[in-house]
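All values below come from the heavy atoms of this structure, side chains included, with hydrogens, waters and symmetry mates left out. Owing to the predicted nature of the structure, the values given are computational and were not obtained by experimental measurement.
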Amino acid sequence: PSLSIAARTSSSSSQESPGQGALVVSPVGWPLRRSITTMRMMTRIPGKGTIMAPPALTTSFNIQQRPTTLTMMKLLISSLLVSSYEAFAPASSRRSASSLPARTSHPRRLSPRLQQTDVAQEDVGVIEAKPSSKKKYVVVGGGWGGWGAAKALCESGIENVEVTMIDALPDPTGSTPYLSPTGKPVEAGTRGFWKDYPNINALVSELGLDENEVFTPFTNSSFYSPDGLEATAPVFADATLENILGGFPIVGDVLKSVVAGATGSDEFPMLPSPLGQVLATVPYFERLPIADRASMVGLLLATIDCLGGDEQTKQQYDRMSAHDLFVRFKLSERLVSDFIKPTLLVGLFKPPEELSALVVMELLYYYALAHQDSFDVRWIKNGTVSDSLIQPMAERLMKEENGALEVLGGCRVKEISVEAGEGGKMHANKLSYLNTRSGEIEEINNIDGIVLALGCQGMQSVVSSSPDLARLPEFSLAASLKGIDVISCRLYFDRKVATRSPANVFSRFEELRGAGGTFFMLDQLQEESLAQLWGKDDEGEEGEETLGSVVACDFYNAGGLMSMKDEDIVKILTEELLPSAVARFADAKLVDSWVGKYAGVVSWFSPGSYALRPPLEGAGSGILPNVKCAGDWVRMGEREHGAKGLCQERAYVSGFEAANSLMRDTAKGENFQAHEVLAVREDEMAVKLGMEVNRKVMSYLPRFWTR
């Protein structure tokens, strides 16, 4: 009779369920594994099929090395005993290979990791393991980058593809709301959706959702300091001649008549950047003089030079701090302290002296300078980002006809193993992870490709426990980068507090202790869902009248606040910051609160960090072609996108690009469809011309202001 072995590998010695695939026993080409493997003998007897040895004949030994002759003799004798046992034992006591129990401890619901093989070969005395043609991809991380990668892989059109997402969150699909101890829905951070988010906007359309039901209208944003209201960022797309020029007597009336006559409309026209922004914000700055605002022109010149330059130019600017840049290009001190610094603290979560000049210019250009209405922003209208966008996308991808994505929540990656591949390249073939529900270590084997959609903290965790990855500088350098502390709060008041804008920024308050601070009036942004914000069922208009304002407050670069007690942080908000910004908060009584602290979770774009950030291609297609990186902090190289900074759109697009690159390297010969990536709006003609002229001029002049 022919001899084969049913084997399974596991890092947990408590699991010894038999038979997850057939391995041929042969003195030549002995399969290599890294763990102790439980063996149970199977034999195939002509006319009787493949049968399984009784538990008494199960043996365990290390098969990392070639077995000794004595071991092989023992296996052969065991096989003969199996044959005798099965030939004469009662039929009721026999167990066929097809009756083997499935692994019940594994959280996956698809086919087992190693598929059982039962190949009938009457004339050949070996049961051969049939290699599976299924493509197996793993996405590590359930943020926007991870979901972008999962979507691209599931919708690639590759036949017989298996895509698995692993994330430490108990439910990264958004199906299970995150609740405060008192049962109210909360989330970490309040995230906006800006004008130039074409790929996320396309997702809303693909999911059959109504944008007007998912997002609020574009809203104003106000900046408050200890002196009161400093400025309001208007909705540029909704600006009219009256609200922009109406405050200028005589001259304003003349200009309104001229412009209205030329355009045939009372809407404020779209003007070249930054002229449009300067004019449209004239009535919205309460204290900052025009002369200080005009000093922003120096930053525009530096931005054209930097973003229009080559890779070397960008690295030169990256080695500068934003503070150095502002000084060298003569931005006024008041403009920086009153407006730019608080903007950076809530946009990139660090002050100018701790940020790369390159990333600051990318952020300011993308969000403020590219087009007159670039800063227009809207928010989630009902619930959270997770249940409004991630949940319907997850439900779609998890359906069989859309790729049958499998999501493993509550799982932490422990190690990614790399082996020698074809053509001298390396190949990541195995991933182990901790299932926090069961406390056991599980494995995914025979992997075709991995997308690491991780932030700095997750990258550090995975690389530090994966020696094979740590040997590659692209991953070890990325793991060396540090993150930024964030604190999120929810405050529930006994009455509704009216504010000028639903989205607001704290500026220059000593109580912030170096942090950036924001507060969002959720009862204004989600006024149709006030009962849900309070964790109550829909009580109708009468019940909602008794519910007060719900305020989401976030602190970024919050190291000076992290050690404080939750109640002390709440007290700073309710007794100092909020009443100083909006006096009506002094009369409101706090009913409930929630505080969430997140240490080192947000990417920090420090000076000199550009070269350390992970490339989208990982170690490169010539070294480790089947591991790619995604996230808003990755360097996208030739696939660079117009969305910049800490940006949901950029993270989502990076997932598409990482998956597309992974399939190009691992699915050769497959008829796959790369996911489409929509570009942001083109640069304006004046900017394009400026960049072209600057390139020619700087080919002769040195950049004496950079390092």
Side-chain angles (χ1 to χ4, degrees), residues 194-196 198 233 236-237 239 268-282 290-332 335-336 339-340 343-344 347-348 352 355-376 605 610 636-638 640-645 647 649-650 679-707:
W194 269 260
K195 188 82 169 183
D196 285 305
F236 291 90
F268 190 75
M270 294 296 292
L271 301 175
S273 176
L275 178 61
Q277 294 92 312
V278 172
L279 293 178
T281 56
V282 166
I290 293 179
D292 291 282
R293 283 177 265 164
S295 68
M296 179 77 80
V297 172
L299 184 61
L300 179 62
L301 296 175
T303 301
I304 288 175
D305 180 51
C306 175
L307 302 187
D310 56 16
E311 191 75 4
Q312 182 180 0
T313 302
K314 292 179 180 179
Q315 292 199 28
Q316 288 176 335
Y317 276 100
D318 178 66
R319 288 190 285 269
M320 294 177 64
S321 73
H323 175 77
D324 291 340
L325 180 77
F326 298 157
V327 171
R328 295 183 187 189
F329 281 85
K330 309 299 183 183
L331 272 70
S332 81
L335 172 68
V336 173
F339 183 69
I340 294 182
T343 299
L344 293 178
L348 288 172
L355 287 171
S356 156
L358 166 66
V359 179
V360 166
M361 283 187 286
E362 288 180 337
L363 177 87
L364 292 177
Y365 179 75
Y366 174 57
Y367 283 114
L369 298 175
H371 304 281
Q372 180 175 305
D373 57 354
S374 291
F375 197 71
D376 287 355
F605 297 107
Y610 181 79
M636 298 175 68
E638 296 179 354
E640 187 57 66
H641 192 262
K644 304 294 184 181
C647 170
E649 174 79 3
R650 179 179 176 81
V680 299
R681 288 178 290 176
E682 288 188 20
D683 293 329
E684 294 184 3
M685 186 57 64
V687 173
K688 291 181 180 179
L689 180 61
M691 289 182 176
E692 183 61 31
V693 171
N694 180 79
R695 276 192 287 267
K696 292 180 178 180
V697 172
M698 297 312 298
S699 64
Y700 298 100
L701 297 179
R703 290 182 175 84
F704 55 86
W705 56 86
T706 62
R707 298 182 181 180

**Q.** Flag side-chain contact, heavy atom, 4.5 Å: T343 against Y367
**A.** no
Q: Report the distance from atom CZ of F605 to atom CG of L363, rounding to the nearest 0.5 Å.
A: 9.5 Å
Q: For P198 and E649, work out which heavy atoms get closest and say how close.
A: CD-OE2, 3.3 Å
**Q.** Inter-residue atom distance L307.CG - L358.CG, 0.5 Å rounding
**A.** 7.0 Å
Q. Under 6.0 Å from the NE2 atom of H641, do we count more than 12 heavy atoms belonging to anything else shown?
A. yes
Q: Please report the closest heavy-atom contact between G642 and Y366, naming both atoms and the distance.
A: O-CD1, 3.4 Å
Q. In chain order, what residues pass the ring pair (Phe, Tyr, Trp, His ring centres under 6.0 Å) check against F236, with sequence neighbours excluded?
A. none
(Q) I'd like to know whether V687 forms a side-chain contact (heavy atoms from CB on, under 4.5 Å) with Y365, so could you lay out the CA-CA distance, the side-chain angles of the two residues, the decisive distance to 0.1 Å, and finally the verdict. (A) CA-CA 11 Å; V687 173; Y365 179 75; 3.6 Å; yes
Q: To the nearest 0.5 angstrom, please state how far the CG atom of L369 sits from the CE atom of M296.
A: 6.5 Å
**Q.** Donor-acceptor under 3.5 Å (Q372 side chain, P269 main chain)
**A.** yes
**Q.** Under the side chain to side chain donor-acceptor pair (under 3.5 Å) test, residues paired with E311 that sit two or more places apart
**A.** Y610
(Q) Would you compute the distance between atom CD1 of I290 and atom OG1 of T281 and round it to the nearest 0.5 angstrom? (A) 9.0 Å
**Q.** Atom pair CZ/NZ of R319 and K314 - distance to nearest 0.5 Å
**A.** 14.5 Å
Q: Go through the steps to decide whether F329 and T303 satisfy the test side-chain contact (heavy atoms from CB on, under 4.5 Å), and finish with yes or no.
A: CA-CA 11 Å; F329 281 85; T303 301; over 6 Å; no
Q: Go through the structure and list residues passing salt bridge (Lys or Arg N to Asp or Glu O under 4.0 Å) with K195, not counting sequence neighbours.
A: D373
(Q) Could you work out, with ring pair (Phe, Tyr, Trp, His ring centres under 6.0 Å) as the rule, every residue matching F268, not counting sequence neighbours? (A) none
Q.
Just to verify, what does S356 make a side chain to side chain donor-acceptor pair (under 3.5 Å) with, not counting sequence neighbours?
A. D318
Q | Closest approach of A302 to L325 (non-hydrogen atoms, all atoms of both residues) | A | CB-CD1, 4.0 Å
Q) So, does S332 use its side chain to make a donor-acceptor pair with the main chain of S295 at under 3.5 Å? A) no
Q. Below 4.5 Å, heavy atoms only, C-beta onward: do Y317 and M320 meet side chain to side chain?
A. yes
Q) Looking at residues at least two apart in the chain, or sitting in another chain, which of them share a side chain to side chain contact (heavy atoms under 4.5 Å, CB included) with L364? A) L299, V360
Q: Would you please name every residue forming a side chain to side chain donor-acceptor pair (under 3.5 Å) with S273, sequence neighbours left out?
A: Q277
Under 3.5 Å donor-acceptor pairs involving side-chain atoms of residues 695-702, not counting sequence neighbours:
from	atom 1	to	atom 2	distance (Å)
R695	NH1	G308	O	2.7
R695	NH2	E692	OE1	3.1
S699	OG	K696	O	2.5

Q) If every non-hydrogen atom of L344 is compared with every non-hydrogen atom of P352, which pair is closest and at what distance? A) CD1-CG, 3.9 Å
Q: Quick one: list whatever passes side chain to side chain contact (heavy atoms under 4.5 Å, CB included) with Q312, sequence neighbours left out.
A: D310, Q316
**Q.** Verdict with reasoning, W194 to C647, per side-chain contact (heavy atoms from CB on, under 4.5 Å)
**A.** CA-CA 9 Å; W194 269 260; C647 170; over 6 Å; no
(Q) Looking at every non-hydrogen atom in both residues, tell me the closest pair between S374 and A368 and how far apart they are. (A) CB-N, 4.1 Å
Q) Is there a donor-acceptor pair closer than 3.5 Å between any side-chain N or O of H371 and the backbone N or O of E682? A) yes
Q | Partner set under side chain to side chain donor-acceptor pair (under 3.5 Å) for D196, not counting sequence neighbours | A | R681
**Q.** Partner residues of E640 under the salt bridge (Lys or Arg N to Asp or Glu O under 4.0 Å) criterion, sequence neighbours left out
**A.** K644, R650
Q.
Going by salt bridge (Lys or Arg N to Asp or Glu O under 4.0 Å), name the residues that satisfy it together with D305, two or more places apart in sequence or in a different chain.
A. R703
